[in-house]
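So the structure is just underneath, and the comments pick up after that.
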Protein chains: 2
Amino acid sequence: MDTIKILKGDIAFTKSPDEVTTYKNGYLVIKDKKILGIYETIPESFQKISIDDYTDQLIIPGFVDLHVHAPQLDQVGLGLDKELMDWLDVYTFKLESRFQDMDYAKEVYNRFVDQLANNGTTRSCIFATIHKESTQLLFERLKEKGLGAYVGKVNMDANGAKYLQESTKESIEDTREIILKYSNDPLVKPIITPRFAPNCTRALLKALGQLANQHNVPVQSHLSENKKEIQWVKKLFPEATSYGDVYNHYGLFGQTPTLMAHGIYLEEEELKLLEKQDVTIVHCPDSNMNIASGMMPARRYLDRGIKIGLGSDVGGGHLLSMSQTIVRAIQNSKMLQTLTGEKALTMSEAFYMATKGGGKFFGKVGSFETGYTFDGLIIDDEKWTKERLTIEERLNRFIYVGDDRNIIIRYINGVDINLK
Amino acid sequence: MDTIKILKGDIAFTKSPDEVTTYKNGYLVIKDKKILGIYETIPESFQKISIDDYTDQLIIPGFVDLHVHAPQLDQVGLGLDKELMDWLDVYTFKLESRFQDMDYAKEVYNRFVDQLANNGTTRSCIFATIHKESTQLLFERLKEKGLGAYVGKVNMDANGAKYLQESTKESIEDTREIILKYSNDPLVKPIITPRFAPNCTRALLKALGQLANQHNVPVQSHLSENKKEIQWVKKLFPEATSYGDVYNHYGLFGQTPTLMAHGIYLEEEELKLLEKQDVTIVHCPDSNMNIASGMMPARRYLDRGIKIGLGSDVGGGHLLSMSQTIVRAIQNSKMLQTLTGEKALTMSEAFYMATKGGGKFFGKVGSFETGYTFDGLIIDDEKWTKERLTIEERLNRFIYVGDDRNIIIRYINGVDINLK
């Protein structure tokens, strides 16, 4: 089998947040699923290799969604007249309890995985529910589709609901079982997923920290999303110096690679801890707006050098589209700008966060630099009079007004998943 | 010809901002293009009339977009790293100058009208450009398509650009010509459209006020969108007590029905004047976010009883979709809520603004109450497991995550425009 693949097209990606790098009808050469280089003409040694010809179409990195709740696809757009804590109680917990029903789970997870792929999200970090069986179904469905993901069976043994809670022992055992089963999969891997500090006993947090460190498994959770939530954490964990310190105390805050969704109201000491522990913050602007959480200063964190990516946070966010998540991140930062005068995010910064920034969590993913794993989208923007615009302007336009209809091919880990 | 039409389906609309009124598979009876009533069973006298059967599909009022720049469709998503005044200079004015070229205008306006209809916008208030010929082309294209609209030839005789400015005389004469030509059209009518105060001399504003009052033509313009803009207006018109007062002085502020886009930073005296003159404010949240204008307190104005509708404001806004404009209005109000504690917009309030609230500018439009002109959309939401949701939940879901693909039929003024 040939291990060299060549794509031709209008290439756009970010090496850094500062600028978009573009090539007009360049040749992207991929060897063993990784980028070898981009060339203006085909190098002599590859002249016999057939070309996937996307002349005049855009080739961009696949999108990375660092925070999304798969079950909540079935509640998008519902209950959004409520704030976080009520929204969880009235809608979300009831919905998630249904994922013990495998038929229901199969229907929703099939839709979720298909829509994720349609929207060009090639890598994602996913919360499932507390249910071991249906969580495994989600692993299997993602593998079948060929998507890259970290999937977390949710852990919650406190302050849930009668119909959505597990025993500490059960939570630990089920998590261990999934870690052992899936850790060696090349694309769909387990991640330790305490729902958020208030939903976990100290015993559970301690055991999860041990599991993470013992099996070298990454961690994802929620941090500092809502003012009431923060007060609640302070009340539940008075011994901790901050919300982040709760996780850190139990080895769940950067001891293995860690994602924390939201981080809207971080205190300075907490930020320093987060920097020291190299924890990645996931900015979820649509969700922050929809459930009235607050305005996250993403640009400030980016400038500070904090690792930061974007999340759709479906179902707090209503759309799986990472291009609309990019737009919302920019919009959120512009509203902050009108209030505080601090600089708003540029397109290249937000695009970086949704590709290379978030991609770091998966290794060398999200860029077309040499050595990066090739995840790419082919964008057909013909109807928008492409001849008048630069490649960067066309990227801007696709991000702002394009949708899944413009994404015609999706490559993940070097493979066109439409062909699977 | 039969003057009675009956539609069957799941009906949703707002009589007031407070709640959504729904009927499960109700019969909507239309007589001479106007709503006669909604019935749970077909009244005896209408039993022989054939039914447009949309059982289990949603029937909602058509959307009203009170502020949109047709030429700017060709710049959506571009240049949004800039603020209003720079964005106008670098992108918008150059683009609009191209509308003296009829071939170019035809291409963009055809796309604009088609996309407006696709998105379910049945009525709109449109800015064209200063060019008389291509503005008439837009009138004609809207008429052909069967959409309802007010269309304004833009007036600007000051502070424009070399390539985008007209003489005072020319501006007045061209405007008068269009008024005389189109005032009697049933669906597509002229509206006096001074771009904004800084782009007009006092002589032009005076003449436009006279034209408006003489021919009883409505008025649209921009008001208080950006802090730098407001300072500029104060410098240019030191004799005025407020930005709104500039228009009022020349008979362009409620002397005939008047729309003012934005109104973000209105002063209390200005608000009182606006209330007294019964001027309608158009809230354009996507645009306010995209060009970093500010956070408009829409809910506060709505509560105060001020007339208020929604605008996509393409190209400051990037999407013609009024459902996404509704979402953004709610999101904007929720961000304000986290800052000031004032109540956010609910779905019914924002939906009202995009239908009956904005529809008032066209007469009895935007509701399904008896006597209202029938503008309606048929929404197919089958794929979202409709059996589990109430009609109101399905409306919410369509607004948040639906798009033009879900709108299968569009009625305007009692007519299915797909059949035209």
Side-chain angles (χ1 to χ4, degrees), chain A residues 73-81 83 107-108 111 226-227 264 285-286 288-295 314-315 317-321 324 327-328 330-339 344-348 383-385 388-390 393-405, chain B residues 73-81 83 107-108 111 115 226-227 264 285-286 288-295 314 317-321 324 327-328 330-339 344-348 383-385 388-390 393-405:
Chain A
L73 180 69
D74 212 37
Q75 73 175 95
V76 284
L78 303 182
L80 293 175
D81 287 341
E83 256 190 76
E107 190 266 315
V108 177
R111 252 192 304 143
N226 174 293
K227 286 179 181 172
I264 301 175
D286 247 332
N288 296 167
M289 293 189 189
N290 285 341
I291 47 180
S293 300
M295 300 169 81
V314 158
H318 53 286
L319 299 171
L320 283 173
S321 159
Q324 283 304 302
V327 172
R328 216 75 67 243
I330 296 173
Q331 291 184 322
N332 176 72
S333 74
K334 285 182 177 168
M335 292 297 90
L336 262 181
Q337 179 190 298
T338 67
L339 295 169
L345 288 168
T346 62
M347 173 55 79
S348 71
K383 62 183 174 187
W384 295 318
T385 59
R388 291 202 300 266
L389 304 178
T390 65
E393 283 175 323
R394 284 164 54 200
L395 174 67
N396 279 11
R397 176 156 287 188
F398 163 67
I399 296 292
Y400 271 95
V401 307
D403 63 27
D404 55 294
R405 285 171 278 198
Chain B
L73 181 68
D74 211 36
Q75 73 176 94
V76 284
L78 303 183
L80 292 174
D81 286 341
E83 256 193 76
E107 189 266 314
V108 177
R111 254 193 300 145
Q115 288 189 25
N226 174 292
K227 287 178 181 171
I264 301 174
D286 247 333
N288 296 167
M289 294 188 188
N290 285 341
I291 47 180
S293 300
M295 300 171 82
V314 157
H318 54 286
L319 298 172
L320 284 172
S321 160
Q324 283 304 304
V327 171
R328 216 73 68 241
I330 296 173
Q331 291 183 322
N332 177 71
S333 74
K334 284 180 177 168
M335 291 299 90
L336 262 181
Q337 180 190 297
T338 67
L339 293 170
L345 288 169
T346 62
M347 173 54 79
S348 72
K383 61 183 175 187
W384 297 318
T385 60
R388 291 201 301 265
L389 303 179
T390 65
E393 284 175 323
R394 284 165 53 202
L395 174 66
N396 280 10
R397 176 157 289 189
F398 164 66
I399 297 292
Y400 272 95
V401 306
D403 63 28
D404 55 295
R405 286 171 277 198

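Below, chains carry the letters A, B, ... as their sequence lines are ordered, and counting in each starts from 1.
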Discussion item. Checking Asn332(A) against Met335(B) for the side chain to side chain contact (heavy atoms under 4.5 Å, CB included) test, could you report, in this order, the C-alpha distance in whole Å, the side-chain angles of both residues, the deciding distance, and whether it holds?
Written reply: CA-CA 9 Å; Asn332(A) 176 72; Met335(B) 291 299 90; 4.2 Å; yes
Using every non-hydrogen atom in the two residues, find where [X] and [Y] come nearest and quote the distance to one decimal.
X         : Y         : value
Leu78(A)  : Arg397(B) : CD1-NH2, 3.5 Å
Leu319(B) : Tyr400(A) : CD2-O, 3.8 Å
Asp286(B) : Gln331(A) : OD1-NE2, 2.6 Å

Fill in: Interatomic distance, Thr338(A) atom OG1 to Asn226(B) atom CG [nearest 0.5 angstrom]
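Between Thr338(A) OG1 and Asn226(B) CG, I get 10.0 Å after rounding to 0.5 Å.
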Discussion item. So, taking the atom named CZ in Arg388(A) and the one named CD in Gln75(B), what distance separates them when rounded to the nearest 0.5 Å?
Written reply: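 Rounded to the nearest 0.5 Å, the CZ-CD separation comes out at 11.5 Å.
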Worksheet item: So do the side chains of Arg405(B) and Asp403(A) get within less than 4.5 Å of each other, counting heavy atoms only?
Response: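 Arg405(B) reaches Asp403(A) side chain to side chain.
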Worksheet item: Does any non-hydrogen side-chain atom of Gln324(B) lie less than 4.5 Å from one of Gln324(A)?
Response: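 The answer is no, as the side chains (C-beta and beyond) never meet within the 4.5 Å cut-off.
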Per-residue contact mode, [X] against chain B (heavy atom under 4.5 angstrom):
X         : answer
Leu339(A) : side chain
Ser293(A) : backbone
Gln337(A) : side chain
Asn288(A) : backbone

Discussion item. Which residues pass the side chain to side chain donor-acceptor pair (under 3.5 Å) test with Asp81(B), not counting sequence neighbours?
Written reply: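 Per chain and number, Asp81(B) pairs via side chain to side chain donor-acceptor pair (under 3.5 Å) with no residue.
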Worksheet item: Can you check whether Asn290(A)'s main-chain N or O pairs, donor with acceptor, with Lys334(B)'s side chain at less than 3.5 Å?
Response: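 Yes; judged by distance alone, with no hydrogens or angles, the pair exists.
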Discussion item. Just so I understand: if I count every heavy-atom pair under 4.5 Å between each of Asn396(A), Leu80(A), Leu320(A) and chain B, which residue has the most?
Written reply: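 Among the listed options, the one with the most contacts to chain B is Leu80(A).
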Item to complete: Using the test side chain to side chain contact (heavy atoms under 4.5 Å, CB included), find all partners of Ser333(A) that sit at least two apart in sequence or belong to another chain.
Response: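 Listed in chain order: Ala344(A), Leu345(A).
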